[in-house]
2 protein chains.
Amino acid sequence: MSPAAQNGANRANVRNSDPTPPRSRDALRAAQMYYLQDLTMNAIARELRTSRSTVSRLLSMARETGLVQIQINNPLDRAPALEREIRNNFGVDAHVVPVTDLVSDSDVLDRVAIQAARTLGPLVDSNAIIGVAWGSTISAVSHHLTRKVTHDSTIVQLNGAGNTQTTGITYASEILRRFGAAYGARVEQFPVPAFFDHAETKTAMWAERSVKRILDLQERMTMAIFGVGSTGSGIPSHVYAGGYLDEEDLAILRRNQVVGDVATVFFRADGSHSDIVLNERSTGPDLGMLQQVRRRICVVSGESKINGLRGALAAGLATDLILDERSARTLVHNS
Amino acid sequence: MSPAAQNGANRANVRNSDPTPPRSRDALRAAQMYYLQDLTMNAIARELRTSRSTVSRLLSMARETGLVQIQINNPLDRAPALEREIRNNFGVDAHVVPVTDLVSDSDVLDRVAIQAARTLGPLVDSNAIIGVAWGSTISAVSHHLTRKVTHDSTIVQLNGAGNTQTTGITYASEILRRFGAAYGARVEQFPVPAFFDHAETKTAMWAERSVKRILDLQERMTMAIFGVGSTGSGIPSHVYAGGYLDEEDLAILRRNQVVGDVATVFFRADGSHSDIVLNERSTGPDLGMLQQVRRRICVVSGESKINGLRGALAAGLATDLILDERSARTLVHNS
DNA sequence: AATCACTTTGCACAAACGTGCACATGCCCC
DNA sequence: GGGGCATGTGCACGTTTGTGCAAAGTGATT
């Protein structure tokens, strides 16, 4: 976000008395003329007595600030086969991001992230309490959020992010900050490590009022947004490589046939999770509690995550699933 | 609408079994990639293995068929002053179409019509019964409707359109047809003249079952769309010039201080209408009944209609008002 | 198989658009 | 009052997009 934009947002937050900042008034007019009346930017420039380039900039501002919302709605009766199949087989609303074989894995992540961010926008409401996990997928999403004005919304961190190494994850807080900025929401960080060394420490901490406040927010979540980690083939995801777990922990995971995690809470292929001891030291949300949340959005990019995803779906963790087409195919056809 | 598009629509109506026509499947993919992933048309063409120009055409198809919906939402707290004032003074939701002094009157009509058509789209739902008036304003609107898939919707004509002269108004049915095509709705015409010569004929006709069917539909309307006629300064609108009324009728209107009409039902500046005898010969809907409709959308373009509009607002005929900025200013400032 | 009517495609060109850059304007702090 | 900084503007250029046109499908009919 440019410093200019930030400044604008701040000014708006300070409930000052000037009725409408002239800049965004013009942006609104321009947007109406461009998107609703089909004028060219040149024509708009003449009417606003400014240059075409300024109009171009007004319009991109209008898009970025969520003044203009572009939605794609495919009437359910003609929803693409893949999305229908996923809904039928797994009971979640699927949003498949079109992608062909020409596209590299990192491009896929980018595209899924952009589309996820755009899909999220319309679902966010005022008075929402939005739980957000951290990880490479959600980080990518956070870079592409479009702004939307809401009142009294809160972003709450789903699981701690501290670890023993220096593997600088300042970015958990960065991710949260971006969500907060996009939706004009309060941000509540969760200042604990991802895993405690001792389950007793967790018990103790969970009794602290400062922590209870966060846990209470989590219980009242109206929406949760998370990726999945997967122990499957290929690159292990952040949690498995970033110094959060030691050799012994990883051995435990293998012995327990863990296939993946959501917000550092682990589960098996069949979705079971209650008897995995590592979860007692994890700061992620109890999955039973997570299942109570009205809207639970899972973002997945890349086939390496399929195993983890299968487990997450078996556990019923998501109500909505945003994933790339390649993964979607694999998910449906090899099941 | 092009013959091609029509053909497509017909094929869709015939509930055939092929799951998804390949053309619109591509359109959906293209739209997602363009609007949700910010790819260029060139990139999309490569992925779809076609030419860029085809992608351009797919995208315009996606827009026209309502696959892509572009909305402009100005958060209420920063709604432009004009719209707020109108809401406060007249109790209707105003949608002001930005227009500057550089623009000619006929251009204004066009722009209001386009924006009205776009604004309408999101409000139309399945199972709707939509009453539609006829007149130059609504005719203009009907040319710009974007398609939207709905089920079991009905378009019903609000008032008769026949007259004694040859002033070829085939266009009442044309207007209706376009609404029907845009929303995939049944069309119910109202095959009566605009005015009967004798009130008794109306009474007789209103007892006919064929007419009753239409009246019944009108009573169950969920939405009504109409312009206003105005006797005020400048050009008299269609009804006053088109051979619907003779000299004597016009004299009656003047004597009764009629300021305008909605769907050929007349009212005075204060909104009163029940004792205007001409209304007993009009085929337009009883205004009391109209007021029961949940959503009543009034489209107005041009300052010459202000007098009529004032009366219509006083009568509480509209819940939503779409009008050009110049008229909006006049409406607010000279009241 | 040939014809016809009609749709769809790619090309080529013109129009419309985004953006780096240099300059203007306003504001704060010294 | 002037220098420094932040913000906004218009120009110029390269890129991206819309569209008329001719050619290539497509499918029904003879």
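All chains are named by letter (A, B, ...) in the order of the sequence lines, taking the proteins before the strands, and each is independently numbered beginning at 1.
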All N/O pairs under 3.5 Å across the protein-nucleotides 22-27 of chain D interface:
none

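Here A:V108 pairs with A:V99, A:V103, A:V112, A:S301, A:D324, A:R326 under the side-chain contact (heavy atoms from CB on, under 4.5 Å) rule; sequence neighbours left out. Partners of B:T154 according to the side-chain hydrogen bond (donor to acceptor under 3.5 Å, both in side chains) rule, which considers only residues two or more places apart in sequence or in another chain, are B:R186. Applying the side-chain hydrogen bond (donor to acceptor under 3.5 Å, both in side chains) rule to B:D152 yields no partners; only residues at least two apart in sequence or on another chain are considered.
Looking only at distances, no side-chain donor or acceptor of A:T150 sits under 3.5 Å from a matching main-chain atom of A:S126. In this structure, the side chain of B:S139 does not engage the main chain of B:G135 through any donor-acceptor pair within 3.5 Å.
The two residues B:F179 and B:S142 come nearest to each other via the heavy atoms CE1-CB, 3.8 Å.
Rounded to an integer number of Å, the gap from CG of A:L58 to P of C:dT19 is 14 Å. The CG atom of B:D38 sits 16 Å away from the C1' atom of C:dT19 (whole-angstrom rounding). One atom, CZ of B:R49, and another, C1' of C:dT9, lie 17 Å apart when rounded to the nearest Å.
Contact check for A:D320 versus A:H95: side-chain heavy atoms found under the 4.5 Å cut-off.
Residues in residues 29-43 of chain A take part in these salt bridge (charged side-chain N to carboxylate O under 4.0 Å, His left out) pairs, two or more places apart or across chains: A:R29-B:E325, A:D38-B:R118.
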Could you write nucleotides 12-20 of chain D as a row of B, S and -, 5' to 3', where a protein heavy atom under 4.0 Å of any base atom gives B, of only sugar-phosphate atoms gives S, and otherwise -? B---SBBBB
